[in-house]
Amino acid sequence: ERSNLAGVRHILLVLSGKGGVGKSTVCTELALSLRRSGKKVGILDVDLCGPSIPRMFRVQDNDVHQCDSGWVPVFVDQEKSIALMSIGFLLEKPDDAVVWRGPKKNALIKQFVADVAWGELDFLIVDTPPGTSDEHISTVEALRPYKPLGAILVTTPQAVAVGDVRRELTFCKKTGLRVLGIVENMSGFVCPHCSECTNIFSKGGGEELAKHAGVPFLGSVPLDLQLSRSLEEGGDFIQEFPKSSAFPALTHIAQQILAAASQRSS
Amino acid sequence: QVALLDIDICGPSIPKMMGLEGEQVHQSGSGWSPVYVEENLGVMSVGFLLSSPDDAVIWRGPKKNGLIKQFLRDVDWGEVDYLIVDTPPGTSDEHLSIVQYLSASHVAGAVIVTTPQEVSLQDVRKEINFCHKVKLPIIGVVENMSGFVCPKCKKESQIFPPTTGGAEKMCQNLNVSLLGKVPLDPQIGKSCDKGQSFLSEAPESPATSSYRNIIQRIQEYCDLHCSQEEKII
């Protein structure tokens, strides 16, 4: 019987040691950029306690249906250009807390990896919660037979965040997960009134970490009011705001992922 | 006399923020000694048990629970007025365990931190739900990163926009207290990175007065709801 992941060409994970740095944002914008490049993309959201992906695509009220091969992912549009799976779709009420210990989380993650009928995808992006625990161990174990392309690590510039992301790098090394690179998010804010740039969360920590660890630096993404709004509304930032400050960095990240995938295929 | 217990096992940030990176935990006859920032501020974190900043704690739930139990049982805190517990994001092992292990003590309550945007609030509503489920009182909610005032032109930007009314609306809807709003200030991150006290470094910052007001409200809550015993937050 054909595995549900057999039609997925490249799998990549988005990780961070730290919470609130923008993993879900990077997943969302990467998916939108890859779609713009003509790719078919899926996002698997394994953040079971804080699933952010459905709202970022304005499909938070959708339900999940079953088919012969398992669960049908939620498509963000008629063209089925982006497919999503998240525990967010399985909750009866959006405010319901998923208060599960490790073993129950692991069981659902195994199901998410094996039982979603993704069909043919160019990229499957896996959004994770912060940390190096059950969700991460289980996801990497379940995905191992499918040889993921690698992991993108997201940090903010300051040392407190970088300190946790260093541990995430160790996690990747220990589990044999290739590091595609580090993204430094929330890297500077340009005041819309006077154009003064302020490094609210410091600057450069992500780039330094990449250099120190010998992994690619994928770029710095600035704080961007239009990006924040777009995520709130579940809009398509890449389509609607090509002149916005975060656009170049986000599309550059997608370009580098496309290059890595292309290299792997050849 | 304050004790700060960091149970974020995978991402222990407290040692760095307290200027205690590289410190180790000492054992004595009475158990593990906390690491002291000052005479009246002791800290415990898995960070002190790791030998390198690259060391990752790649543990499943049960092992994390075991360490949390040890932290509560084996650390010789002495007489303490306030025990503050820092937790990782989520509603899972660490959260269930800390509530369970502290059930014999009187926990004053939880302070829940959010940022203004709905992406954050939607998770925080779950955290509030968690507190109700495990009968943990909620002292209140703090709205962090609440607006940014440009140091040059002094105009405000809502970097994390409260598109659904922010913490204020959520607190009204869920009948919990809003303890206060803390604005973004680059000095906060800088102080934390250097392991210095932001409140001492930037006494004039609007964020400092926000923090102080919030802390006062927490103390008032504790004075009202807890007796002479140790207050656990």
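To find a chain, count down the sequence lines: A is the first, B the second, and so on, and within it residues start at 1.
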(request) Report the option among B/I9, B/N129, B/L50 that has the most heavy-atom pairs separated by less than 4.5 Å from atoms of chain A. (result) B/N129
(message) Looking at chain B, which one of A/D96, A/D95, A/D164 has the largest number of heavy-atom pairs inside 4.5 Å, strictly under?
(response) A/D95
(request) Would you mind telling me which of B/G47, B/G61, B/A56 has the largest number of heavy-atom pairs within less than 4.5 Å of chain A? (result) B/A56
(request) Using a cut-off of under 4.5 Å on heavy-atom pairs, state which of A/L223, A/D134, A/T156 scores highest against chain B. (result) A/D134
(message) For chain A, which candidate among B/D185, B/D8, B/D123, B/I159 shows the most heavy-atom pairs at distances under 4.5 Å?
(response) B/I159
(message) Here's a test for you: under side chain to side chain contact (heavy atoms under 4.5 Å, CB included), which of A/F237, A/F241, A/F247 qualifies with A/D224?
(response) A/F237
(request) Assess whether atom CZ of A/R101 is packed by more than 12 heavy atoms of other residues, nucleotides or ligands within 6.0 Å. (result) yes
(message) What part of B/K63 gets within 4.5 angstrom of chain A, counting heavy atoms only: side chain, backbone, both, or neither?
(response) neither
(request) Identify which of A/S24, A/P130, A/P103, A/S133 forms the greatest number of heavy-atom pairs closer than 4.5 Å to chain B. (result) A/S133
(request) Decide, yes or no, whether a salt bridge links A/E168 with A/K18 under the criterion of side-chain N to carboxylate O below 4.0 Å. (result) no
(message) Quick one about B/Q196 and B/S191 (side-chain donor to acceptor, distance below 3.5 Å, no hydrogens or angles considered), yes or no?
(response) no
(message) Is B/C150 in contact with chain A via its backbone, its side chain, both, or neither, using a 4.5 Å heavy-atom distance?
(response) side chain
(message) Taking side chain as everything from C-beta outward and backbone as N, CA, C, O, which of these in B/N65 sits under 4.5 Å from a heavy atom of chain A? Side chain, backbone, both or neither.
(response) side chain
(message) Counting only non-hydrogen atoms closer than 4.5 Å, does B/K194 touch chain A with its backbone (N, CA, C, O), its side chain (CB onward), both, or neither?
(response) neither
(message) Under a 4.5 Å cutoff for heavy-atom pairs, which residue among A/E233, A/E232, A/H136 has the most contacts with chain B?
(response) A/E232
(request) Report the option among B/P12, B/G195, B/S52 that has the most heavy-atom pairs separated by less than 4.5 Å from atoms of chain A. (result) B/P12
(request) Please tell me if the side chains of B/L96 and A/V99 come closer than 4.5 Å, counting only heavy atoms from C-beta onward. (result) yes
(request) Quickly, which of B/V107, B/I7, B/I233 forms a side chain to side chain contact (heavy atoms under 4.5 Å, CB included) with B/V85? Name it, please. (result) B/I7
(message) Less than 4.5 Å to any heavy atom of chain A: does that hold for the side chain of B/E21, its backbone, both, or neither?
(response) neither
(request) Scan side-chain atoms only and decide if A/S187 and A/E184 contain a donor-acceptor pair under the 3.5 Å cut-off. (result) yes
(message) Pair B/R125, B/N173 - check side chain to side chain donor-acceptor pair (under 3.5 Å), show working.
(response) CA-CA 10 Å; B/R125 289 193 198 94; B/N173 291 343; over 6 Å; no
